[in-house]
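Here the structure comes first, spelled out in structure tokens, and everything after it is commentary.
Values below: all heavy atoms of this structure, side chains included; hydrogens, waters and symmetry mates excluded. Index from 1, following the sequence. These numbers come from a predicted model, not from an experiment.
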Amino acid sequence: MHNILVTGIGGNVAQGILRIIQSEFPELNLIGTDVNQFSPGHYYVNDFVQVPYASDASYEGLVKKICDDKKIDLIIPGTDFEAYYLQSFSLETKVLASSAQAQKIFLDKFLTYENFAKHDIPFAQSFKCSQYKSEFESIIVKPAQGRGSRGLHINPKDPSSFSDEYIVQEYIEGKEVTSAFYVTKDQRLLGPITFERELTNGMTSECQTITDYDDQLIKMAKQIKDNFEMLGPFNIQARINSKGKVIPFEINCRYSGTNSIRHQLGFNDVECGIREHIFNERVEDFKVRSGCATRIYLDIVYENTSLKDIKPGKDGAKLF
């Protein structure tokens, strides 16, 4: 039996990954980790280990112990920072993610802007707050390393009041799109699937497939693949300006939160990761279908128990 470790199972990214693996590869053994002792992700795993944040000094040793004790065959990061740290460690176990250097750049929007400029790849013009000199009519101030639409400030009165942990970008009124790609072991670029989307609390709540801008996005994705050490999933988050130009503002070097929606529309990037890195199969480009999606909340109910006593797996749980 193959053992797959998925990290950050408290989040929607990892839970989507787990649902897909359970559906397509029920024979695989799923082990989850998270910083919290319990999360809804327990429902989708066979085993669970609580871990500290990836930046904690004990994280590397604990991950190595998990890999040894559980005989892990593949690690799939569910969070950005874990993808970076896991690729930075000297692990014997394969991590399904791009290189540590690529992760480091794409974790920081200002570093992304600087590196993209070197390779003539479009990206939202960005300034550290201390360097901004009123270049734009409308602005957005955001954490350079923020995720999930947290800490955003549109047209604040005094951008200079923010530290250089924040950046200033031009605020672009227009569609927001997210476009997913996958880089195979032999460095072929698969994709895209592109969604126009609405966010709620930083997560996609509604989305619709769109192909109008795929030529621009594919060109950018090829440039990213050719200039950075990419492997597996990545996505481009962008706005469309009034001239129809795609302006990326963030790159995610991991499976994104729409992975479960993509899977239902033929973009099987999680399945590809397993087929490539567990079963050594050659994967082909996706046959993407058009469609839309919205999301609902479900309940996982455990009778006659308490949260601290819940075990991984579906035993004793009712999904409604």
| query | Is Gln103 reaching over with its side chain to a backbone N or O of Tyr85, donor-acceptor style, under 3.5 angstrom? | reply | no
| message | Going by the rule salt bridge (Lys or Arg N to Asp or Glu O under 4.0 Å), which residues pair with Glu196 if we only count those two or more places apart in sequence or in a different chain? | response | none
| field | Donor-acceptor under 3.5 Å (Glu276 side chain, Val283 main chain) | value | no
| query | Between Gly41 and Leu18, which heavy-atom pair has the shortest distance, and what is it? | reply | O-CD1, 4.3 Å
| request: Take the angle between the ring planes of His2 and Phe279 and call it parallel below 30°, perpendicular above 60°, tilted in between. | output: perpendicular
| field | Minimum-distance pair of heavy atoms, taken over all atoms of Gly244 and Gln216 | value | O-NE2, 3.0 Å
| request: Verify, without hydrogens or angle tests, whether Asp164 (side chain) and Cys129 (backbone) share a donor-acceptor contact under 3.5 angstrom. | output: yes
| said: Given 3.5 Å as the limit, does a donor-acceptor pair link the side chain of Thr194 with the main chain of Thr211, or not? | reply: no
| message | Within the 3.5 Å criterion, strictly below it, is a donor on Ser126 or Gln169 matched to an acceptor on the partner's side chain? | response | yes
| Taking the side chain from Asn3 and the backbone from Asp73, do they hold a donor-acceptor pair closer than 3.5 Å? | no
| Side-chain donor or acceptor of Gln87 paired with backbone N/O of Ala97 under 3.5 Å | yes
| request: Indicate yes or no for a side-chain donor-acceptor contact from Tyr255 to the backbone of Asp269 under 3.5 Å, with no hydrogens or angles considered. | output: yes
| request: Kindly indicate whether a cation-pi arrangement holds for Lys314 with Tyr43, taking the cut-offs as under 6.0 Å to the six-membered ring centre and within 45° of the axis. | output: yes
| query | Considering residues at least two apart in sequence or located in another chain, which fulfil the salt bridge (Lys or Arg N to Asp or Glu O under 4.0 Å) criterion with Lys64? | reply | Glu60
